[in-house]
Novice: 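Below you'll find the structure I mean.
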Amino acid sequence: MDGMSSRATECHVSGHRHHPGGYLVSSQGHPGRRLIQLYAGLVLYGASSALLVRAGLGTEPWNVLHQGLARRTGLTIGTVSILVGAAVLLLWIPLRQRPGLGTVSNVFVLGLAMDGTLALVPDVRSLAVRVPLLAAGIVLNGAATGLYIAASFGPGPRDGLMTGLHRRTGRSIRLTRTVVEVAVVVTGFLLGGTVGIGTVLYAVSIGPLAQRFLRVFAVPAAPAGSTAVAGATPAGAILRP
């Protein structure tokens, strides 16, 4: 969500988050279903990131950095993802952000799922295979994002960093996300990460894809007269772990 547009909005009202299209993502009730959605989404997100890496046509912004660091250190990209996620989570302390179960799970599950998928999916050289692999990775990433956001267990560490900067600086989510992700991509590229057409396609398509899948997995808005009616001022939303 990464990579992702900031067109979605959140409203924390009576344990619900409001999203475009008249949907409320509940943070109350159905804990079993929400847990399944959370971990299924995180596993699929890590797997989709691995597919983008295998496609070799450019990855999502943060994985450009992870890939560059992996090449410099000799660590696996999943391990680097875990270490970077943990480091970013430490930055939440001065920003006074509070992590949730989804935040902590994000740090570990994504990296493990990415390394696991990379171990199963071999390197590919043919463009006829790499292009479909890229497309599958982007679509699967959108589905994974919709799953884990609908679970409503808290944002990923990287998105929490952006919303924390938004609150502390007063700058827009769009601006803070753009500045952070441009810095991440440039740094990752200089370290040897892959930037390509896949990076661009991910950036322009992941927002609409995530919104579509969010409507599939989210809870429909409460009927008129319900106590779960959004009334707070929207505060920019996050569509990526």
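Note that the structure is predicted; figures quoted are calculated from it, not measured.
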Novice: Would you name the heavy atoms of V107 and I82 that are closest together and state the gap between them?
Specialist: O-CG1, 3.3 Å
Novice: Considering non-hydrogen atoms only, spot the tightest contact between R54 and D123 and give its length.
Specialist: NH1-OD1, 3.0 Å
Novice: If the plane angle is over 60° it's perpendicular, under 30° parallel, otherwise tilted; pick one for F213 and F217.
Specialist: parallel
Novice: So N63 and M114, side-chain contact (heavy atoms from CB on, under 4.5 Å) or not? Walk me through it.
Specialist: CA-CA 11 Å; N63 270 333; M114 193 184 308; 3.6 Å; yes
Novice: Mind checking whether L91 and L83 sit in one hydrophobic cluster, side chains of I, L, V, M, F, W, Y counted as touching below 4.5 Å?
Specialist: yes
Novice: Is the shortest heavy-atom distance from the side chain of L52 to the side chain of T199 under 4.5 Å?
Specialist: no
Novice: Using modelled atom types and a 3.5 Å cut-off, is there a donor and acceptor pairing between side-chain atoms of T117 and backbone atoms of A113?
Specialist: yes
Novice: Below 4.5 Å, heavy atoms only, C-beta onward: do E181 and W62 meet side chain to side chain?
Specialist: yes
Novice: Can you give me the closest heavy-atom contact between L133 and V124, atom names plus distance?
Specialist: CD2-CG2, 4.0 Å
Novice: Applying side chain to side chain donor-acceptor pair (under 3.5 Å), run through R33 and Q37 and close with a yes or a no.
Specialist: CA-CA 6 Å; R33 174 185 171 183; Q37 285 196 198; 3.2 Å; yes
Novice: For the residue pair R167 and R96, establish whether any side-chain heavy-atom pair is separated by less than 4.5 Å.
Specialist: no
Novice: Given side-chain contact (heavy atoms from CB on, under 4.5 Å), test Y202 with L57 step by step and report yes or no.
Specialist: CA-CA 11 Å; Y202 181 92; L57 297 171; over 6 Å; no
Novice: How long is the span from the OG1 atom in T79 to the CG atom in L69, to the nearest 0.5 Å?
Specialist: 12.0 Å
Novice: Just how far is it from atom CD1 of I173 to atom OG1 of T163, taken to the nearest 0.5 Å?
Specialist: 5.5 Å
Novice: With heavy-atom distances below 4.5 Å as the criterion, would you say the side chains of N141 and S49 are in contact?
Specialist: yes
Novice: Just verifying a value: how many Å separate L65 CG and L191 CG, rounded to the nearest 0.5 Å?
Specialist: 6.5 Å
Novice: Let me confirm one number: the CG-CG distance from L51 to L118, rounded to the nearest 0.5 Å.
Specialist: 8.5 Å
Novice: Quick one: does any side-chain atom of T103 pair with a main-chain N or O of G100 as donor and acceptor, under 3.5 Å?
Specialist: yes
Novice: Between L101 and L147, is there a shared hydrophobic cluster once you connect ILVMFWY residues whose side-chain heavy atoms come closer than 4.5 Å?
Specialist: yes
Novice: Take L35 and F153 through the test side-chain contact (heavy atoms from CB on, under 4.5 Å) and record every step on the way to the result.
Specialist: CA-CA 8 Å; L35 280 171; F153 276 109; 3.9 Å; yes
Novice: Going from CG on L95 to CG on L90, what distance comes out if it is rounded to the nearest 0.5 angstrom?
Specialist: 11.5 Å
Novice: Just wondering, do T194 and R71 contact through their side chains at under 4.5 Å, heavy atoms?
Specialist: yes
Novice: Determine whether L140 and L42 fall in the same hydrophobic cluster, where Ile, Leu, Val, Met, Phe, Trp and Tyr are linked whenever their side-chain heavy atoms lie under 4.5 Å apart.
Specialist: yes
Novice: Do the non-hydrogen side-chain atoms of N106 and R158 ever get within less than 4.5 Å of each other?
Specialist: yes
Novice: Can you give me the closest heavy-atom contact between L190 and R72, atom names plus distance?
Specialist: O-NH2, 3.5 Å
Novice: If hydrophobic clusters are built from ILVMFWY residues whose side chains come within less than 4.5 Å, do L127 and I138 share one?
Specialist: yes
Novice: Closest heavy-atom contact between G58 and L134?
Specialist: O-CD1, 4.2 Å
Novice: With a 4.5 Å heavy-atom cut-off, do L175 and T169 have their side chains touching?
Specialist: no
Novice: Evaluate the side-chain proximity of V64 to V184: yes if any heavy-atom separation is below 4.5 Å, no if none is.
Specialist: no
Novice: If Ile, Leu, Val, Met, Phe, Trp and Tyr residues are connected whenever their side-chain heavy atoms lie under 4.5 Å apart, and connections chain through other members, are V121 and V43 in the same group?
Specialist: yes
Novice: Just how far is it from atom CZ of R174 to atom CE of M162, taken to the nearest 0.5 Å?
Specialist: 13.5 Å
Novice: Restricting to non-hydrogen atoms, name the atom on A210 and the atom on T145 that form the minimum distance, rounded to 0.1 Å.
Specialist: CB-CG2, 3.9 Å
Novice: Do the side chain of R34 and the main chain of S152 share a donor and acceptor less than 3.5 angstrom apart?
Specialist: yes
